[in-house]
Amino acid sequence: MRKFLVVLDDSRECLNAMRFAALRAAHTGGGVTILSVIPPDEFQHWIGVSDIMRAEARERIEAHFEVFAKWMRDRQGVNPELVIREGEPVNEILDLIREDPEIGVLVLGAGTEKSGPGPLVTQMSRSSGNLPVPITIVPGEISKDRLEAIT
């Protein structure tokens, strides 16, 4: 089964990337893997405090994931998989793609800020020629109707 890998973060554009991945998976009989990466600098505290912060970050991610997962299951018939990692986002994305041969497409949402599409899209685009899978970049401002029409 081909899986669409999508990154879960706190950005607005993440929503359209999730929608796109779920719609494409539903239309092609594929799956969705949702990756959330916790940056290492979030836990630069004493060990006891960092353990609590790590647990809270995981709980927050799991709650956020469940909102998307429920929509994917109920509306698209797709049961997504959640992967939570700690590290640098680009490295963790690349590692997961290398580890899971079923991942066939990386789906990223592009921001609409004047400063550019966002750091993840920028970094992944720079190395896109060497990636083992294609990248689909979903515009942050694309409407839900247009997104459904093109998937």
Side-chain angles (χ1 to χ4, degrees), residues 1-43 51 53-112 116-151:
M1 172 176 63
R2 178 179 65 167
K3 293 193 272 187
F4 294 85
L5 174 60
V6 63
V7 177
L8 172 64
D9 58 23
D10 293 329
S11 67
R12 264 187 338 133
E13 56 271 14
C14 171
L15 177 60
N16 274 346
M18 290 287 173
R19 279 188 184 130
F20 181 88
L23 290 165
R24 288 298 302 145
H27 289 115
T28 62
V32 175
T33 298
I34 298 175
L35 172 65
S36 187
V37 180
I38 303 168
D41 57 338
E42 269 190 41
F43 307 117
D51 289 344
M53 291 177 69
R54 185 174 285 111
E56 288 173 352
R58 287 181 174 276
E59 287 175 20
R60 190 173 57 250
I61 290 166
E62 288 168 359
H64 202 180
F65 165 77
E66 272 310 313
V67 171
F68 290 114
K70 181 173 178 8
W71 176 82
M72 287 183 192
R73 285 189 297 265
D74 294 351
R75 297 280 178 97
Q76 304 305 321
V78 173
N79 191 24
E81 160 192 24
L82 175 63
V83 176
I84 301 173
R85 296 203 172 185
E86 294 179 27
E88 295 301 326
V90 171
N91 293 340
E92 295 304 324
I93 290 168
L94 294 173
D95 286 348
L96 182 57
I97 291 170
R98 286 185 198 107
E99 292 165 16
D100 188 343
E102 291 185 335
I103 293 174
V105 178
L106 172 61
V107 179
L108 299 174
T112 58
L120 194 54
V121 170
T122 301
Q123 289 175 320
M124 295 306 294
S125 296
R126 283 186 187 135
S127 60
S128 62
N130 298 321
L131 292 177
V133 299
I135 300 176
T136 298
I137 299 174
V138 183
E141 290 291 325
I142 195 168
S143 72
K144 181 180 168 186
D145 292 336
R146 177 77 178 125
L147 199 57
E148 289 175 359
I150 63 174
T151 56

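The shortest non-hydrogen separation linking Val32 to Ala21 is CG2-O, 3.6 Å. Taking both residues in full, the closest heavy atoms of Gly109 and Ala17 are given as N-CB, 3.6 Å, listed atom of the first, atom of the second, then distance. In this structure, Ile135 and Ser125 approach most closely via the heavy-atom pair CD1-N, 4.5 Å. Between Ile137 and Val121, the closest heavy-atom pair is CD1-CG1, 3.8 Å. Smallest separation of non-hydrogen atoms from Thr151 and Phe20: CG2-CD1, 3.5 Å. Minimum interatomic distance between Met72 and Ala22 (heavy atoms only, all atoms of both residues): CG-CB, 3.6 Å.
At least one side-chain heavy atom of Leu23 sits under 4.5 Å from a side-chain heavy atom of Gln76. Residues Leu106 and Leu5 form a side-chain contact, since some pair of their non-hydrogen atoms from C-beta on lies under 4.5 Å apart. With contacts defined as side-chain heavy-atom distances shorter than 4.5 Å, the pair Arg24/Arg2 qualifies. Side-chain contact between Glu62 and Ile84: present, with at least one pair of heavy atoms (C-beta onward) separated by less than 4.5 Å. In this structure, Val7 and Met124 have side chains that are not in contact, with every pair of non-hydrogen atoms separated by 4.5 Å or more. Under the 4.5 Å side-chain criterion, counting only non-hydrogen atoms from C-beta, Pro80 is not in contact with Val6. For the pair Arg98/Leu94, a side-chain contact is recorded, criterion being any heavy-atom separation below 4.5 Å from C-beta on. Using a 4.5 Å heavy-atom threshold, the side chains of Ile61 and Leu8 count as touching.
Glu81 contributes atom CD, which lies 8.5 Å from atom CZ of Phe65 (distance to the nearest 0.5 angstrom). Annotation: the span from Thr112 atom OG1 to Ile142 atom CD1 amounts to 13.0 Å, rounded to 0.5 Å. Rounding to the nearest 0.5 Å gives a distance of 5.0 Å between CD1 of Ile103 and OG1 of Thr33.
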Report the C-alpha separation of Thr122 and Arg126 in whole Å, then their side-chain angles, then the decisive distance to 0.1 Å, and conclude whether the side chain to side chain contact (heavy atoms under 4.5 Å, CB included) test is met.
-> CA-CA 6 Å; Thr122 301; Arg126 283 186 187 135; 3.4 Å; yes
Would you please test Leu120 and Leu108 for side chain to side chain contact (heavy atoms under 4.5 Å, CB included) and show each step?
-> CA-CA 8 Å; Leu120 194 54; Leu108 299 174; 4.0 Å; yes
Decide yes or no on side-chain hydrogen bond (donor to acceptor under 3.5 Å, both in side chains) for Ser11 and Asp9, but give the supporting numbers first.
-> CA-CA 6 Å; Ser11 67; Asp9 58 23; 2.5 Å; yes
Going through the distances and angles, do Glu92 and Val83 end up as a side chain to side chain contact (heavy atoms under 4.5 Å, CB included)?
-> CA-CA 10 Å; Glu92 295 304 324; Val83 176; over 6 Å; no
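Residues forming a salt bridge (Lys or Arg N to Asp or Glu O under 4.0 Å) with Glu102 (at least two apart in sequence, or on another chain): Lys3. Residues satisfying the side chain to side chain contact (heavy atoms under 4.5 Å, CB included) test with Asp74, not counting sequence neighbours, are Lys70. Partners of Glu56 under the side-chain hydrogen bond (donor to acceptor under 3.5 Å, both in side chains) rule, at least two apart in sequence or in another chain, do not exist in this structure. Applying the side-chain hydrogen bond (donor to acceptor under 3.5 Å, both in side chains) test to Asn91 and every residue at least two apart in sequence or in another chain returns nothing. Scored by the side-chain hydrogen bond (donor to acceptor under 3.5 Å, both in side chains) test, Glu66 finds Arg73 as partners (sequence neighbours excluded).
Among residue pairs with one or both ends in residues 67-106, those qualifying as ring-ring contact (aromatic ring centres under 6.0 Å, His included) are His64-Phe68; sequence neighbours excluded.
With salt bridges taken as basic N to acidic carboxylate O contacts below 4.0 Å, one links Glu141 and Arg12. Using a 4.0 Å cut-off between charged nitrogen and carboxylate oxygen, Glu99 and Arg85 count as a salt-bridge pair.
The backbone N or O of Pro139 sits less than 3.5 Å from a side-chain atom of Asn16, completing a donor-acceptor pair.
Within a 6.0 Å radius of CZ in Arg58, more than 12 heavy atoms belonging to other residues, nucleotides or ligands are found.
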